[in-house]
Structures are given as structure tokens and as C-alpha cells.
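The following block contains the structure, expressed as C-alpha cells.
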Protein chains: 2
Amino acid sequence: MPRVTHQPPDQGPGQAPTLDEVARLAGVSRATASRAINGGNRVSQSAQTAVAEAVRTLGYSPNPAARSLVTRRTDSVALVVPEPDERVFSDPFFVHTLRAVNRVLAARDLQLVLLLARPEDESRMLRYLGERHIDGAIVVSHHQNDRLAEHLAALGLPCAFVGRPWTGEDRVAYVDTDNEAGSRAATELLISRGRRVIGHVAGPDDMTAAADRRAGWRSAVTTAGLRDDLVACGDFTEIGGEEATRALLAQCEEIDGLVVASDLMAVGVVRVLEAAGRRVPDDVAVVGYDDLGVAERITPPLTTIRQPIGDMAEQAARMLLDQIDERRAPRAVRVVFPPTVVERAST
Amino acid sequence: MPRVTHQPPDQGPGQAPTLDEVARLAGVSRATASRAINGGNRVSQSAQTAVAEAVRTLGYSPNPAARSLVTRRTDSVALVVPEPDERVFSDPFFVHTLRAVNRVLAARDLQLVLLLARPEDESRMLRYLGERHIDGAIVVSHHQNDRLAEHLAALGLPCAFVGRPWTGEDRVAYVDTDNEAGSRAATELLISRGRRVIGHVAGPDDMTAAADRRAGWRSAVTTAGLRDDLVACGDFTEIGGEEATRALLAQCEEIDGLVVASDLMAVGVVRVLEAAGRRVPDDVAVVGYDDLGVAERITPPLTTIRQPIGDMAEQAARMLLDQIDERRAPRAVRVVFPPTVVERAST
DNA sequence: CAGATTGATGGAAGCGCTCTCACGCCGACA
DNA sequence: TGTCGGCGTGAGAGCGCTTCCATCAATCTG
């Protein structure tokens, strides 16, 4: 049983001061006070300082509800993550995205509201978005079934996706990397190194990035006349990588190369390979995907495909701001970044 | 260079429907429509259904700004984390807290707004809290210098802290575990196992949990007449645990027991110990703190002090809701949970 | 059956703010 | 000296909603 202790309550300050009181104290009208507070256009120097003074002595801060009732802006933006909490907090991908987005928004003094929606909360989240608590949304790690692109497009809510949505891709703005090209390059690198039995550890079936990377691998092995049936699905976690690798090794012992759809999974892949007595890269060469720090920290340092997550997220944030600023901006902009091969010791 | 493609903009729906239109369509007054929508007290069955019908056909959803302008509630609550993003996303402590808080809030249909404030953003964050965008705040992982308890108490904003604040502890509500007792128990366990040179890997100096745990260890070793100078500070991360352990080993080779202020650090501790050729627990016994899953997953499974994070966070959320519900509720409630020793293989 | 109670309703006030608009003042220009 | 343009200003409307209050009909009480 926890111990509980009480104390008499604090005396909270009574009513928050309103613009009216500020105006009265400054000896100007409410209109002038409002102008002075919002950038001071068309306000005399004297009025300006008088208002500033009044604001300070009263400890005034504008009521955001009243303000947004008339401006129809809320000055906050949602980062929508339709993903169970656990994964969000273990994948560096999210941290990088979050930081980049936050950087752009903070520069404009916009507040970031993090919306984590587990599948069962999805309707609640959609309702929240529909109620216009926020000026726009950035969507990350969306899945085939959430149909977020269509929902948001239908709401007419400014939004930008990181990663191409499955459906509705012609109705919303998004940034992406060319996942198919990246994965193809990874596979071709292995082929050029003489590998001939190349498997693929794919990501979740319901994400476009995973599907595109799988397609890139398949295209490369098919073109080279190699086996194209050595695929196992992970879930973008280390554990998922481990399980997929075990399945692949059980399916075919001769595997000498693995193209893995994320670095985090590759960590698990390497662990299982070594536990199975295969040396990396001598017996099996491994290429990851992402290059967000994990890749260079593990042993052996991982050859991987870098996607510029920070740039992508920043770009998405800016695309969102464009939409918010001028409601006539083209909605369905798409920006595709090129992936880069980063060679390290695992190939 | 990224590729960029445009598409003609979507045709967003014009103006969102207002309560007025709903009322007109339902053939009732705005007042009745409002009552019908908000729980339907004192509304006839026929009016009720007419309004519901109108809401559905119009796709109406109430404007939150207008609503909170008059109700003076925003139906959202902030989770304040004065911590650089990286740590938040690597420590299971946060994930557990977040989930528990979210669970309580979701049941009441309150929205959780995550406020990550790096030190340089602190004033921005305080301003945001002062502007009453939210009905209350739950504060986690606060530090000596942020003085959040005092700031929030001064604002008169309902709030609840997870972990005792450094200052202002008599002005705000908080939950905590008895960290000193927990750490003392951990140390006494080692002593009872015959360990005689017991070091402490402490947490950051500016957090009460770390200070209390250090005090608990010191109290136990002093009482037993053992050395009390074997302390090194980590930062609650694996890396921090590694560095602290190296420092301790350099300071004294005879260490045969380590009390570590968090499981995450203990992971690093064990790693360094084994790299230095010490077996756990044969040469050095190790006790962690938290028991959030990491402890049982590592080798050897970690003896640790469990704190019921989920319960604590839930309790904090409920304390916050109490304050929000009745503004006269006692502000400075405190609830202290007892820690539990969980023995595994590391001692 | 008169009077009191209850329940459903709409009118209207007002939450705190922004912004349009009209007004008065000033210096500039002819 | 008369007119004009621009600037600073305040009055006032109105954003979309909740809620107080008066009203009225229906029901209950003695």
C-alpha cells in the first residue's frame, strides 16, 4: 500500500487577465492593444510600449481558444504515428523524424502534438483530427489498412506524409526515398561481390517502404538469374530480424548474402548468423537499410543504404507549412530523395 | 537532388457546419441542439434523435476553440518531459509511463499532448503551459534546475509529478517510490550475501531519485561499517553505466558488489565487468533498479528493485484528473509506493 | 379543482479575441 | 490655401459555442 499525505491547497491566482484589462491599463482601445501584441503593425511607438508595459505588469497572455476562434488557426501541428507505442520508442527512425520536424516547427513557434494511435484508437484519432484541434498533420509509419491519406484528404486537412502512402497517394503530399532503387543497388552490390544466393529480410507487408525494398531486391536477383524465393518478413525490429534469419537459414543453407530492409533488423540478422557459425561478411555478406547510427556502431560495421531521414522529415514539415500558409498551395506535391550506398565491413 | 512532382489540389470541403445549421436542420434551437450533443440532459427523445440525425447528415463536429472558450476546458493534458529527446526514446521508463498515462486519459476521452522540452526550449514550454492550451500537466524526469514544480504551482495549473521534485515539493502533487529504502534494501541484500566492498553506480546528480538511491546505499554501507567512497555517476543510460564501472574498477580492484541506480545502466555495468574478466555474480554481485523488462532479459538475469511504474503513472494521472475535476481538491497530495526486491541470478 | 412541481424549450448573454471600417489627424503637394 | 494620401486609432461586429433564465405545457399534490 502506498503512503498518502495531504497538504492544504495552493491559492491559485484568480481570473487570468484579459485583453480588455491590458487595453484599459495601457490607455488604448482593445483593437490597438491587439495590434500591438500581434507584431505591432500600424501602432505608434508610444502605444506599443504602453501595451508592452501593461502586458508585463498584468502578466497577460492571450487566450488561445479565443484567438483561434477568430483566426481559425491553432498554431499547433500533429505528428501522427499509427503504431503501437513500443516500436515508436525503440526505432531511431522516429527519433530522427521527431527531431527534424520539431526543429522546423519550433522555428515558426508552432507546437507539436504527438498522436500515437494504436489500431483500436484509430477512430478516436480521426475524430480528433476532424475537430480541427490542429492546423495540419505529418504522418509517419502509416500502414495499408489505416487509409490515412484518404481520410485526411477527405477532411481537407493540410497534411504531409513521410513515406508514400499505399492509397490516396495522388491526393496528399509526401516525401520518400526511392526504396526500390536503393534495395536494388544493395542487391547489385552483393552480386558484384560474387554472391550468388541472396536472401531478403523484408519489412512488414503492409508498408510501402517494405514492399518497394522487396521489389528492388527481386528485380536485381531476377535480372541476374538468381533465386528469388528466399524472402522472410520481419517487423523492423531486432527480434523480427532474428526470426526471419532463422527461417531463411532453415529454408536454404547456402545463403551467402542477405539484403535486410532495416538496420535494426540487420542487428538481429547478424546476431543469428554468428550464433549459427556463419562469419559476416566471409560466409554471408549483409546489407542493411537506413544508416541512422546503429549501422556504424555494431560489429562488424554494417554496409547499408542511407536514406536522409532528417532532410526528408524537414521537407515534409516545410511542405505542410506551405499548405497551411496558403490554402491554395498544390496539395499533392511529392518529393523523392535518392538513397546512397554506404559501404562498410559487412560486405 | 530529390525529384519533385505536382498535382492539382484537392477540393477541400467548404466551411465546416456549425451548431446553428444542425439546430435548424433538426428543427430545434441552438440551445437544445447543444444540450442534445452534450449528454442529452433535459432533452426529449424526439429532439435527441432529430439532432443526432442532423449531426450525421451534416457531418458536424463541434469547434473545440469555441467550446473551450466558454467551458474553460480544453480536454487535453500535457505530458511534460524536460529531457533531450534521445534519452526519452531509449529508456523503457518513459514508454511505461506514457502508456499508463495514456490509458487513464483515453478512458476519459482526454487528449495527451507530449511536451518534450530541451533546456533551450524551456521558456517556450513554460509559456505554452501558461497560455492554458491544456487543462493540466503530468511531469516526468524533472531536474533540479528546471524548478518546474514552483513554476507550475505559481501558474496555478493542475499538475502531478512522477518522482518527487527537488523544490516546491510541498506545493504540488506527486507520486514516488521510496527510493532510499529500495536502495538500502538492495545494499543490505549484498551485505547479507557476504559482499564487503560495495560500490554504487549513481544516476544524474540533479534528480531526486538518483540522490535518494545514493543515500540509501550510503546509509547501508555506513551502518555495516563498509567503505562509502565507491561512487560513480552515470546518466541512466547503458553507456553511462559502462563509464562509471570503468571508473570504479580503476578506483578499487576489490569491488565485489555493485548497487546500480537503474537497470539500463546495469546492462552497461555487467558488460564492462565481464570485459574486465569479472564474473557476475561470482566475482561481483550486481543489483539494478526499475525492473521494467530489461532486467529479466539480460544474462545473467538481474536482481533488481522493482518500482511499480505503471501504477505510479496511473496514480499521477488520476491525481491530476481529481484536480481538474474539482478545482478545490487538495493540491499537494503525495503518494509513495513501496519498492520490492526481486532476486534473480546476478546476486 | 386551484396551486405547485417538473421537464423541455428557446431567447439571449457572453466567453476573449481579431479585424474591418470609418474617422480624424498630419504633412505633402499643387 | 485647399486637397490628398497615409497613418494611427477606436467602435463594433462577430467567430461558434454553452448556459442562465424565463416560458410554457404537462403532470402531480392536497
Side-chain angles (χ1 to χ4, degrees), chain A residues 13-52 54-55 58-76 109 127 130-135 327, chain B residues 13-52 54-55 58-76 109 127 130-135 327:
Chain A
Q15 204 62 323
T18 72
L19 184 60
D20 234 345
E21 304 174 40
V22 171
R24 213 172 312 137
L25 180 58
V28 298
S29 73
R30 223 170 51 232
T32 303
S34 175
R35 271 180 232 118
I37 286 167
N38 297 302
N41 266 347
R42 298 180 165 281
V43 175
S44 68
Q45 194 55 47
S46 62
Q48 187 73 257
T49 53
V51 170
V55 164
L58 256 44
Y60 170 80
S61 63
N63 178 322
R67 173 177 279 176
S68 76
L69 181 57
V70 29
T71 59
R72 293 158 178 292
R73 288 180 298 98
T74 63
D75 295 322
S76 55
D109 220 1
R127 178 158 49 83
E131 284 171 352
R132 306 305 175 113
H133 287 91
I134 50 159
D135 296 337
R327 309 289 315 223
Chain B
Q15 205 64 324
T18 73
L19 184 60
D20 233 345
E21 305 172 40
V22 172
R24 213 172 310 139
L25 181 57
V28 298
S29 74
R30 221 169 52 229
T32 302
S34 174
R35 273 181 232 117
I37 286 167
N38 298 301
N41 266 348
R42 298 181 162 280
V43 176
S44 68
Q45 195 55 49
S46 62
Q48 188 71 259
T49 53
V51 170
V55 164
L58 256 44
Y60 170 79
S61 62
N63 178 322
R67 171 176 280 176
S68 75
L69 180 57
V70 31
T71 59
R72 296 161 177 287
R73 288 181 296 97
T74 63
D75 295 321
S76 54
D109 220 1
R127 177 158 50 81
E131 284 171 352
R132 308 302 176 113
H133 287 90
I134 50 160
D135 296 337
R327 306 292 312 224

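Sequence lines set the chain letters: A, B, ... in the order given, protein chains first and strands last, and positions in each chain run from 1. Just so it is clear, the values below take in all heavy atoms, side chains as well, and ignore hydrogens, waters and symmetry mates.
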**Report entry** Closest nucleotide among D:dG12, C:dG10, C:dC17 to the B:T32 side chain
**Finding:**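 Within the option list, the nearest is C:dG10.
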Requested in this report: Round to a whole Å and report the spacing from CG of A:N63 to P of D:dG16.
Outcome: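 Nearest whole value for this atom pair: 17 Å.
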Requested in this report: Tell me which nucleotide among D:dG10, C:dG16, C:dT9 gets nearest to the side chain of A:V70.
Outcome: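 Of the candidates, C:dG16 comes closest.
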Query raised in the report: Counting side-chain heavy atoms from CB outward, which of D:dG12, D:dC17, C:dC17 is closest to B:R30?
Result: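 Looking only at heavy atoms from C-beta outward on B:R30, the closest nucleotide is D:dC17.
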Query raised in the report: For the pair made of CZ in A:R73 and P in C:dT18, what is the distance, rounded to whole Å?
Result: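 Result: 10 Å.
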Query - Closest to the A:T18 side chain, choosing from C:dC17, D:dT19, D:dG16 - result: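 The listed nucleotide nearest to A:T18's side chain is C:dC17.
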Query raised in the report: Nearest-Å distance, CZ (A:R67) to P (D:dC17)?
Result: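 So the CZ-P distance, A:R67 to D:dC17, works out to 21 Å.
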Query raised in the report: Salt bridge check: are B:R127 and A:D109 linked by an N-O gap of less than 4.0 Å?
Result: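 Looking at A:D109 together with B:R127, the answer is yes, because their closest N to O distance falls below 4.0 Å.
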Query raised in the report: At under 4.0 Å between heavy atoms, what does A:S44 touch on the DNA or RNA strands: base, sugar-phosphate, or nothing?
Result: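 It contacts sugar-phosphate atoms only.
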Query raised in the report: Looking across every strand, which nucleic acid part, if any, lies under 4.0 Å from B:A47 by heavy atom: base, sugar-phosphate, or nothing?
Result: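 Sugar-phosphate contact only - B:A47 comes under 4.0 Å of backbone atoms but never of a base.
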Report task. Go through D:dC17, C:dT18, D:dG10 for me and flag the one nearest to the A:V28 side chain. Result ->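 Of the options given, the side chain of A:V28 lies nearest D:dG10.
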Query - Interatomic distance, A:R35 CZ vs C:dT18 C1' [rounded to whole Å] - result: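 Distance, rounded to whole Å: 10 Å.
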Query - Selected nucleotide, minimal atom distance to B:L69 side chain, candidates D:dG16, C:dC19, C:dC17 - result: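 From the listed options, D:dG16 comes nearest.
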Query raised in the report: Between C:dT18, D:dC15, C:dA12, which nucleotide gets closest to the side-chain atoms of A:N38?
Result: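 Of all the options, the side chain of A:N38 is nearest to C:dT18.
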Query - Gap between atoms CZ and P, on B:R42 and D:dT18 respectively (whole Å) - result: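 Answer to the nearest Å: 18 Å.
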